[in-house]
Amino acid sequence: MTSFECKGVLVDFPYEPYEVQKKYIEKVLECLQNGHNGVLESPTGTGKTLSLLCSSLAWLLAKKAAIQANRMLPTESNAISMSVNTAAGVDKNPSSAWNGVIRPPRIIYGSRTHTQLNQVMKELRRTNYKHMKVGIIGSRDQLCIHPEVMKESTSSVKIALCRAKVSTRTCQFYNNVELKSKEAFVENGIADIEDLVNKGKKFNCCPYYGSRELQKDVDILFTPYNYIIDPRTRKAQDIQFSDDVIILDEGHNVEKMCEESCSVDISSTDIALCIDAVTDVMKQLYDEKNTEFSAEPIQLKPREFSDDDICVLKALFLEIEKVIDGIELTNGTNDKKMEGSYVFKLLQGADITPSNMSKFISFLNSVTLYMSSTNSNAPHQAKEACLYKFQQFLECVLQSLGSNGDPKNTDKYFRTYIQLEQSKYKPKNDTVKLKELKKGKTLNFWCFSPGFGMRDLLGRNVHCIILTSGTLSPLAATISEIGIPVKVQLQNAHVIKNNQVCVSVIKSGPSNKPLICNYSSRLGQTLVNFSRIIPGGTLVFFPSYPFLDQCVNHWQGCNIWASITKNKSIFVEPKNKDVLSNVIDEYYNAIQENKGAMLLAVYRGKVSEGLDFSDWKARAVIILGLPYPPYQDPRVVMKREYLDEMRKENSECLSGQEWYKLEAIKAVNQAMGRVIRHIGDWGSIIFCDERYASFNIKSQLSVWLQPHIKVYDQFSIAYRENVKFFKNSGATMPSAVLFSNASFDEPAQATVLRSIESVKRKALEDDTIKLYESYCDKNEEKIEKKSTLASSSSSNSILKFVDIFEEQTIINTISESQPLKVDATSDLKPLVKKRKLKIIPNKIEHPKKIVNTSIKTVNYMANVQNILKEKDAYNNFISILKKYILERNCDELIERLDKLFPIKTQEIISILLGLNDFFNHEPNSQLVNYCTRLKEEHDVIN
Ligand SMILES: Nc1ncnc2c1ncn2[C@@H]1O[C@H](COP(=O)(O)OP(=O)(O)OP(=O)(O)O)[C@@H](O)[C@H]1O
C-alpha cells in the first residue's frame, strides 16, 4: 500500500501507481473538487477502476473532514479548516441537507452490468477504503427470495406479483424488512448481490426492499448505470440524488442507453390486450360483488377506483385503438415519419392531454396493482403486463416535455415513427383475432438526443458526472453526443510497451486480391493462415450475424472450415445469450488443451464486451469489415436526418453521415480492446480490410493504438511480421505462462504474475518456450501426416475441388516465403507450394519440405480466368461445374459450356477437354466426344 498527495488530497493506493494512473487520478479530482463533468478515456488494463475508487473515496473522506471541520471550526482563517476545504473543493449544491444537517455526498458508481460491478467491488476490497459504507442496487430478478415470485419467468410479471404481495402484506420477507434489515444487511464488509441474497435468506428478510432502505446512508453505491440514466427505473427504484457524484464506468454505451431509456413503442396488439385487461377487471368487479355473499370471501386489496372509472377506461382504450387504426401510412413505404409531438396529437384524440396524463398514469397504476392482487394466471398476467407497458409509454411521452414541461422539447429531441405491426408474439388465446393483427400498427416514439437524458440527470442535483471507459474515442464525437458541458477531458496512453502489441492493417489477402468484407473466401483463407501462427485464443469479429452465418456456411461447404479446425477449434457466438456461457467455457477449455481456439463473434455482441479474454484467452483479435449500422433501418435513417437538422442549427453537432461512420469505428474500438487486458498482456490486432489503411479511419481508432499501426500492401509481409511477433513476445513476455498452471478464472492473474521474482520469471519463460514448441510440434506432426495423405490420395471429392477453385480466385505462382494459400493438410491436392511452418523461440523455421503441388490445376484455373475475363462469366463456369457434380447431367453440362464459350478456339477446346482431368473417378466420355467433335470442326475451319 502506498500513499501520495494529489491536488491536496491524500490518496491511498494498493500499488505503486502507473504514470497514467496519476494523470487519471488528477483529472478525477479536478472534476470532484470543482464540480465539473469529465470524459476520461484510459485503455483497459491501465487500472482505471482502482484509480476511480481510490481517488473518489479519498476525496469523499476529505469532503467529510471539511464538513466536520467547518462545523467544529467555523473560522475560515483556521489553517486546518483551510486545507481540508481546499482538498474537498467547491460546494456546488450547498443546499444539500437532510433534516437540516449538511450531508456528505455519495459516490454513485455505475457500470454496465452486475458482473462488471462485482469486479469493481473486488478491486475495492484491495484498497484501504474497503471499510467505507457500501450499497448495491439490484432488481427483483436478482434479489427476490420469495419462491412464488422467483419462479415467474418475466420481469414484468415478477414486478406485478411482488407489488401485489407487498401491498397486501402477504410477503413474509417484506414484512420483516422494518425489523430485521439493519441486522441483516448492515455490517462490515462489501456485500455483492449474492451476499445480499444469502443474508436475506438467513434472516428471512427481503434483500430487495431491505437493501433499498439503507442506500441513502452509504458512502459508495454500486449500480448498473441504467438505474441512474433511465428516468422510469430511477422513479421505480426511488433513486434520488443529493449533491452526489455520478460515475459512469464502461460508459461507451451511455449514449445509446440514454436514447433507449427515453424511447418507447406501443402496438395495436398491446392496445387490444389492454382492452381485454380492462374487460377482465370489469368481470372481476362483477364477481367481487357476487362473492360478498359466498361462504368464504376472497381477500382483496381495497381498490382505488370506481366501477364507473373502469368503464371510462375501456371507452378510452377503444378510442385509442380507433385513433391508431385511423393513421394513414404513406403509400409504398407503409410507414409514416412524424415530429415528436404527433404522439400528443394522437393521444388528444382519446382525450389524453399533458395536463391530465399524470392523473391517468396513476389511475392505470392502481388498476394494474388491483389486477396483480386478484389474479395470477398467465393470460391475465400478459394482459396486465400490456397495461403496464401502456403506462410506461405515457410516462415516457410525458417526460419528453422535459423538467420544465416545455412542448418544444418533444419536437426538438423526439420523433414519431409509425409502421405496420410485425407480429412479434402471437396471441395465446382468442382475445386478439389474427385478422386484426394483420392490419395492426406500431407507434414508435424515439428519442434521438442522448443529451436529453444526460441533461435531465445533471439537473437532478448531482455534483458532477464522470463518464469513463477504455474506448470513448473519438472523444469529440462522444462529447457532442452526450450534450452536457464537459470541462475535464483525458485520453490516456497505455501502460504496455511497444513490443507487447502488433497492429497490422492488411490490404490484400493471401491471393493478393484486396481484402474487403464482401469476399468471404479471401477472408476465410486469411483466417486459415493466421490459425496456424496465433497461439491460444483468437477472436474474429464480423459486422453482422447474417454475414457471420453466410461465411460459416460457405466455409463449411469448402475446405476452409476443415483447414482451420486442424489448427484451432472453432466456436461461434450464439445469438441466444443463454447458451453463450457454455460456448465460452468450451472455448476456454479448447485453449487450455493447447491446440488453441478461434471464436467467431459479432461487433456489439456479448463477446465484444464484458467477458474475460485476458492472456491466452485472446492472443489476437481479427477485425473483419466495418460494422456500419444497417443503412436502411428506419431508426438509423431518422437518426441521420435528425442530426443533419441539428447540424443546421449548431455547426458543432455531428452530421448524420459523421455519426453513421463513427458508430462503426466505435464498435471496432470496443472489439479490438479485448486483446490487451493488463500491463503484462500481449497480443496482435489484425485488421483484414483495406479501408483501415485510410487516414480518415485510422485517425478515429483508439489513440493509444495509433502509433502501433502498420499498413501492409502484401499479405505475406504482414504474415511474417506476425510470426516474428508471436515468436518474440511468446519468448519474452512474463505473463505468457501456461494458464493451465494458473487459476483460469482469476482476473488478477496478471497481478500475481507481476509479483513473481525474477528467478521464477525465468521458469515462466521456459514454460512459454515449451508451449511454443508444443504448438509447433503438433502443427508439424499434423502437417507431415496430412501432407502424405494429400499426396498419396487423389481428389476424393470433386465438390471440394470445385470449392477450392472458387476459393482460389487468383492463382499465381507463390514463392516459398509467402504464407499458405491452401491448407496442405486438407484432403485435396494442394494447389500451391506449401511452406511448413514452425515457430520456435529464437528463429523462424524456413520451409524444409515442399509438398508436391498441382501446378497444372493452378494453371488451368488461371487460363479459365484469362479467357472468361468477366467475373460473372467465371462464376457461371464454377456454377456449371458445381451443378454437374451434384446432378451428373452431362447433356446440361455440355449445353451450358457450349453457351458460355460461344467461340471455340483451340485453347477453349483444350480447356473443355482438360475438365476431364479433374473427374478422375468418372471419365466423361460424352465430354470427350463433344470436344473431339469441336476439334474436328475447328480443324476444318482453320
Ligand atoms: N499500479 C498498479 N500496479 C499493479 N497492478 C495494478 C495497478 N493498478 C491496477 N492494477 C491491477 O491491474 C488489473 C487490471 O486493472 P483494471 O482491470 O482495473 O483496469 P481497467 O483500466 O479498470 O480495465 P477495464 O477497462 O476493464 O475497466 C487489476 O487487477 C488491478 O488490480
Side-chain angles (χ1 to χ4, degrees), residues 1-4 6 11-28 39-56 109-130 190 222 224-225 247-254 466-473 490-497 500 607-615 617-618 621 666 669-683 702-705 734-735 742-743 745-756:
M1 200 66 68
T2 170
S3 296
F4 60 95
C6 182
V11 181
D12 279 350
F13 209 70
Y15 309 100
E16 196 52 48
Y18 310 133
E19 274 314 304
V20 288
Q21 283 179 316
K22 285 186 188 161
K23 271 193 202 163
Y24 189 89
I25 287 171
E26 197 182 321
K27 292 288 177 185
V28 175
V39 171
L40 315 178
E41 182 188 65
S42 195
T44 295
T46 51
K48 271 189 308 300
T49 314
L50 265 184
S51 311
L52 268 172
L53 289 170
C54 294
S55 54
S56 59
Y109 196 115
S111 192
R112 224 169 50 86
T113 61
H114 272 288
T115 318
Q116 280 159 339
L117 286 172
N118 285 348
Q119 286 297 332
V120 179
M121 288 164 107
K122 255 189 197 168
E123 293 289 297
L124 181 58
R125 288 190 188 103
R126 290 179 211 276
T127 70
N128 265 354
Y129 304 98
K130 58 176 170 273
I190 302 162
F222 292 105
Y225 56 58
I247 293 175
L248 303 172
D249 193 5
E250 304 293 343
H252 46 272
N253 287 331
V254 158
I466 299 177
L467 181 75
T468 186
S469 168
T471 45
L472 292 172
S473 291
L490 175 71
Q491 276 190 295
N492 242 344
H494 217 305
V495 275
I496 55 164
K497 297 198 182 79
Q500 285 173 255
V607 170
S608 73
E609 72 174 297
L611 291 170
D612 178 23
F613 291 110
S614 56
D615 299 304
K617 294 172 199 165
V621 167
K666 281 184 182 178
N669 280 335
Q670 186 56 29
M672 60 158 210
R674 304 295 85 204
V675 79
I676 310 286
R677 308 300 295 174
H678 56 82
I679 194 168
D681 210 349
W682 54 274
S702 291
V703 167
W704 70 267
L705 180 101
S735 75
S743 161
D745 289 318
E746 175 54 62
Q749 180 189 327
T751 319
V752 177
L753 287 175
R754 270 192 296 282
S755 66
I756 296 172

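Here the structure is a predicted model, which is why all the values come from computation and not from measurement. Indexing begins at 1, ligand by ligand and atom by atom, following the structure's order.
The shortest side-chain heavy-atom distance between Gln116 and Gln119 does not fall under the 4.5 Å cut-off. By the 4.5 Å heavy-atom criterion applied to side chains, Val621 and Phe613 are not counted as neighbours. With contacts defined as side-chain heavy-atom distances shorter than 4.5 Å, the pair Asn669/His252 does not qualify.
Contact analysis leaves Gln119 out of contact with ligand 1, as no non-hydrogen atom separation drops below 4.0 angstrom. The closest approach between a heavy atom of Gly47 and any atom of ligand 1 is below 4.0 Å. Within the 4.0 Å heavy-atom cutoff, Gly673 does not count among the residues contacting ligand 1. Within the structure, ligand 1 lacks Ser42 among the residues with a heavy atom less than 4.0 angstrom away. At least one heavy atom of Arg677 sits closer than 4.0 Å to an atom of ligand 1.
Taking every non-hydrogen atom of Leu50 and a distance limit under 4.0 Å, the qualifying atoms of ligand 1 come out as 8 (N), 9 (C), 31 (O).
In terms of polar-atom proximity, Thr49 is counted as a contact of ligand 1, with an N or O under 3.5 Å from an N or O of the ligand. On a distance-only criterion, Phe13 and ligand 1 share no N/O pair closer than 3.5 Å. Taking distance alone, with nitrogen or oxygen atoms compared against 3.5 Å, Gln21 approaches ligand 1 more closely than that limit.
Contacts between Ser51 and ligand 1 below 4.0 angstrom, taking non-hydrogen atoms only, are absent altogether.
Judged purely by distance below 3.5 Å, without hydrogens or angles, the side chains of Thr468 and Tyr24 pair a donor atom with an acceptor atom. Side chain to side chain, Ser3 and Asp12 meet the donor-acceptor criterion of an N or O pair below 3.5 Å.
With Gly45, Cys54, Gly680, Ser469 as candidates, the residue nearest to atom 23 (O) of ligand 1 on a non-hydrogen basis is Gly45.
Under 4.0 Å is where a charged nitrogen must lie from a carboxylate oxygen, and between Glu26 and Lys23 no such pair does.
Here the closest heavy-atom approach between residue Ser51 and residue Ile25 is recorded as CB-CG1, 3.7 Å.
Aromatic ring pairs are classed by plane angle as parallel below 30°, tilted from 30° to 60° and perpendicular above 60°; the pair His494 and Trp704 is perpendicular.
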